[in-house]
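What you are looking at is a predicted structure, and each value in this text was computed from that prediction instead of being measured. Lettering follows sequence order; numbering is per chain, from 1.
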Number of protein chains: 2
Amino acid sequence: MASRASVTIEHVAQAAGVSRQTVSRVINKGPNVKPEVRERVEAAIAALGYVPNLSARRMGGGKSYLILAVNDRQRTIENWRAGRGNDWVDQMLHGGITECEKHGYHLIFELIDTDPATAPRQLSNAIAALRPDGVILTPPHSDNEELPVLLAERGIPCARIGRRPGTQFIDVFMDEEEAAAEITARLIALGHMRLAFIAGSPEYGNSTKRLAGFSRALAASGLGEAAGCVAKGNFRFADAAQEIERLLTRADPPTALIAENDEMAFAAMHVADRLGLEVPQQLSIASFEDTPGVRFSVPPLTAIRQPTAEMIAAACSQLIAASAGGPAHGSIKLPYRLVERATTGPAPAPAKRKTG
Amino acid sequence: MASRASVTIEHVAQAAGVSRQTVSRVINKGPNVKPEVRERVEAAIAALGYVPNLSARRMGGGKSYLILAVNDRQRTIENWRAGRGNDWVDQMLHGGITECEKHGYHLIFELIDTDPATAPRQLSNAIAALRPDGVILTPPHSDNEELPVLLAERGIPCARIGRRPGTQFIDVFMDEEEAAAEITARLIALGHMRLAFIAGSPEYGNSTKRLAGFSRALAASGLGEAAGCVAKGNFRFADAAQEIERLLTRADPPTALIAENDEMAFAAMHVADRLGLEVPQQLSIASFEDTPGVRFSVPPLTAIRQPTAEMIAAACSQLIAASAGGPAHGSIKLPYRLVERATTGPAPAPAKRKTG
DNA sequence: CTGAAAGCGCTTACAG
DNA sequence: CTGAAAGCGCTTACAG
């Protein structure tokens with residue numbers, strides 16, 4: 001029965017007939033408490049509905065029970081403003097909140113400027129105010145070399161998402177290059193001989209990795225790099241549409257497109273429609289992202305599903321372990337999934353083929 | 001130049017040659033500080049890169065600079081698990097984080113069980129741990145009568161989203177009934193004489209209000225309530241599809257459908273496609289929700305756009321004002337927007353019409 | 001295995 | 001207009 005005024009550790013101590021420190025040991029699962037005393041304390045906690053005040057715990061020198069997850073401000077806000085949504089953010093919360101809850105932790109999601117010149121100060125301010133037990137850096141912040149150092153100096157463990165493993169921090173990632181190579185190889189296996197990669201922003205390190213996978217698969221197939229071309233999108237519908245239209249209307253157009261995000265893949269579908277190209281009969285389209293809407297598109301989009309929630313969950317659990325004395329470095333590779341829906345299929349029969 | 005070890009109010013006080021309390025007055029924008037002293041302190045703060053520790057502020061008896069936003073656990077997690085996403089959550093963050101940032105606040109998003117029996121205890125635990133300066137309750141928690149009382153007992157201001165204004169708390173809402181009436185009237189104006197409302201869950205108070213608007217518009221048009229029918233969906237694609245198919249295959253099928261969320265509207269589009277009904281030529285479809293994907297559907301969906309981000313932003317700003325001594329009650333009505341895209345149009349010509 | 005003491009970094013009354 | 005004191009609710013060494 002929680003009383004009106006908040007119940008403190010002192011109330012529990014009195015109710016259980018022990019000192020504050022003993023109660024503290026019990027709630028922190030410390031050693032050196034006689035089982036019967038522990039039970040008495042736990043009974044008092046339950047009876048009083050006691051929940052420790054996190055601010056006080058922090059002030060006393062303990063943990064803050066807070067994980068700070070940091071996202072890129074510009075892109076996030078731009079997506080919000082445009083009504084485009086941020087499924088990535090939703091997925092982060094999914095993994096982060098679910099995992100944090102399990103350990104009695106709370107997730108705080110914040111936005112930090114992309115600009116490498118202002119990011120350190122902003123992060124610095126956030127951790128000074130919040131004193132989180134760990135920080136999660138997502139792209140492109142995970143590619144900023146200064147941020148993890150700043151965190152390390154202050155003794156705050158840090159996890160980077162979508163970053164190739166280093167040795168000093170906790171790196172959680174999926175194999176972007178392999179994913180790009182797999183979808184490329186799959187399209188080649190379907191008979192496509194001219195493929196295009198619609199790139200997002202080079203600011204995101206993933207672009208580089210995916211592009212490498214695209215090239216690798218092309219080379220490995222024997223088709224050679226000449227079979228592939230790269231269009232520079234910027235993750236946005238309109239600009240991508242323009243680039244794609246240029247690609248599809250040229251002399252020897254690609255028969256398969258790989259877009260770095262769903263929005264650009266949708267742009268491809270609209271352009272295809274305008275040009276009278278049937279998907280997937282005349283043009284195959286695949287994406288990296290797999291936001292909720294893709295299942296409802298007509299036809300439903302083939303896409304690489306990134307394990308976003310799983311990566312954030314893994315980051316949280318590592319960070320929590322680190323702040324409990326575990327290692328503050330390591331690397332975790334999580335599997336992606338290639339979800340083949342209806343926008344990819346066999347290449348159209350060539351007008352004229354030389355080889356038998 | 002922030003030093004390695006964290007800089008405290010004491011460091012600032014020494015650097016400025018004043019006492020801690022004076023620094024405290026400056027950072028809290030308190031009165032009674034000579035302009036020149038204030039400037040000196042501000043200079044020291046800037047020079048040292050001082051940012052107050054929120055835990056300490058809270059412990060000292062000040063504000064926590066935390067707003068807790070609470071969402072329904074079951075539905076949120078179900079959406080996450082199913083890969084459906086939660087645009088609502090993303091929108092909340094949009095409004096909440098942007099507004100909180102402006103005031104030096106931080107938003108914490110948490111999940112609380114829908115079950116009215118366990119919700120109070122869970123909320124109670126969260127506020128005992130976090131001690132937020134304000135709490136935002138979203139549907140269906142905003143319809144729980146116990147929660148705001150519990151909060152009030154602990155002196156925490158509370159904002160309810162999507163709730164008809166009471167007089168005791170901060171209620172932020174849009175006129176759901178009016179929105180339903182407007183879209184209904186619009187469809188009637190387009191010549192539709194048989195309309196159906198695909199309802200979500202009655203657990204969400206909005207359903208009731210929207211249904212009332214639907215009925216009201218029907219009555220006001222002279223068509224009468226007999227012209228409208230209600231199908232019970234549960235916000236889910238599959239179940240809605242079944243209900244909708246039943247509706248559309250009966251003797252005198254509706255020519256216009258209003259779904260309570262986008263997913264059910266998409267279900268309607270799929271059923272229409274299967275039944276060979278052209279949208280909007282033979283069937284008009286409208287939705288309440290307007291998630292990002294609807295602009296990319298084929299054809300793009302007509303929908304009521306809820307001011308979710310704006311409601312959460314308004315809630316935050318009211319809550320922050322309340323915790324600074326402002327009123328902890330009031331009501332804010334925010335405008336919705338009917339976005340007519342391509343799924344609604346004139347009613348199909350009737351097989352036989354009696355009136356001229 | 002348990003408790004008395006000190007202190008974390010602030011803020012709120014309370015003096016002057 | 002400014003400062004000395006007390007205290008918020010915990011935890012960490014440190015004794016016993």
Side-chain donor-acceptor distances from residues 134-144 of chain A under 3.5 Å, at least two apart:
from     : atom 1 : to       : atom 2 : distance (Å)
A:Thr138 : OG1    : A:Val70  : O      : 2.9
A:Thr138 : OG1    : A:Asn71  : OD1    : 2.7
A:His141 : NE2    : A:Ile112 : O      : 2.9
A:Ser142 : OG     : A:Ile161 : O      : 2.9
A:Asp143 : OD2    : A:Gly205 : N      : 3.4
A:Asn144 : OD1    : A:Glu146 : N      : 2.7
A:Asn144 : OD1    : A:Leu147 : N      : 3.3

Taking the nucleotide of DNA chain D with the closest heavy atom to each, which residue, B:Ala56 or B:Arg25, is nearer the 5' end?
B:Arg25
Qualifying residues under salt bridge (charged side-chain N to carboxylate O under 4.0 Å, His left out), relative to B:Lys34, sequence neighbours excluded:
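By the salt bridge (charged side-chain N to carboxylate O under 4.0 Å, His left out) rule, B:Lys34 matches no residue at all.
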Applying salt bridge (charged side-chain N to carboxylate O under 4.0 Å, His left out) to B:Glu10 and not counting sequence neighbours gives B:Arg20
Once pairs are restricted to Watson-Crick or G-U wobble with both distances under 3.5 Å, how does DNA chain C read as a dot-bracket string, [ ] for crossings and | for other-strand pairs?
|||.||||||||.|||
When you measure from every atom of DNA chain D, which of residues 16-24 of chain A have a heavy atom less than 4.0 Å away?
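Result for residues 16-24 of chain A: A:Arg20, A:Gln21, A:Ser24, sorted by number.
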Non-neighbouring partners of [X] that pass side-chain hydrogen bond (donor to acceptor under 3.5 Å, both in side chains), sequence neighbours left out:
| X | result |
| --- | --- |
| B:Glu99 | B:Lys102, B:His103 |
| B:Asp72 | B:Thr114, B:Tyr204 |
| A:Ser55 | none |
| A:Ser317 | none |

Does either side chain, that of B:Asn86 or that of B:Thr76, offer a donor lying less than 3.5 Å from an acceptor on the other one?
no
Please name all residues satisfying side chain to side chain contact (heavy atoms under 4.5 Å, CB included) with A:Arg131, sequence neighbours left out, ordered by chain then number.
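Only A:Arg58, A:Ala128, B:Ser6, B:Asn53 meet the side chain to side chain contact (heavy atoms under 4.5 Å, CB included) criterion with A:Arg131.
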Residues two or more places apart in sequence or in another chain: which of them pass side chain to side chain contact (heavy atoms under 4.5 Å, CB included) with A:Glu101?
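Side chain to side chain contact (heavy atoms under 4.5 Å, CB included) check on A:Glu101 returns A:Ile97, B:Arg73, B:Leu111.
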Considering every strand and a 4.0 Å limit on heavy-atom distances, what is the contact class for B:Asn53: base, sugar-phosphate, or nothing?
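Here B:Asn53 touches the backbone only, sparing every base.
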So what does A:Arg58 hit on the nucleic acid, given a heavy-atom distance under 4.0 Å: a base, only sugar-phosphate, or nothing?
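Counting heavy atoms under 4.0 Å across all strands, no contact is made by A:Arg58.
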Contact boundaries on DNA chain D for chain A, cut-off under 4.0 Å to non-hydrogen atoms:
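Nucleotide range in contact with chain A: D:dG9 to D:dT12.
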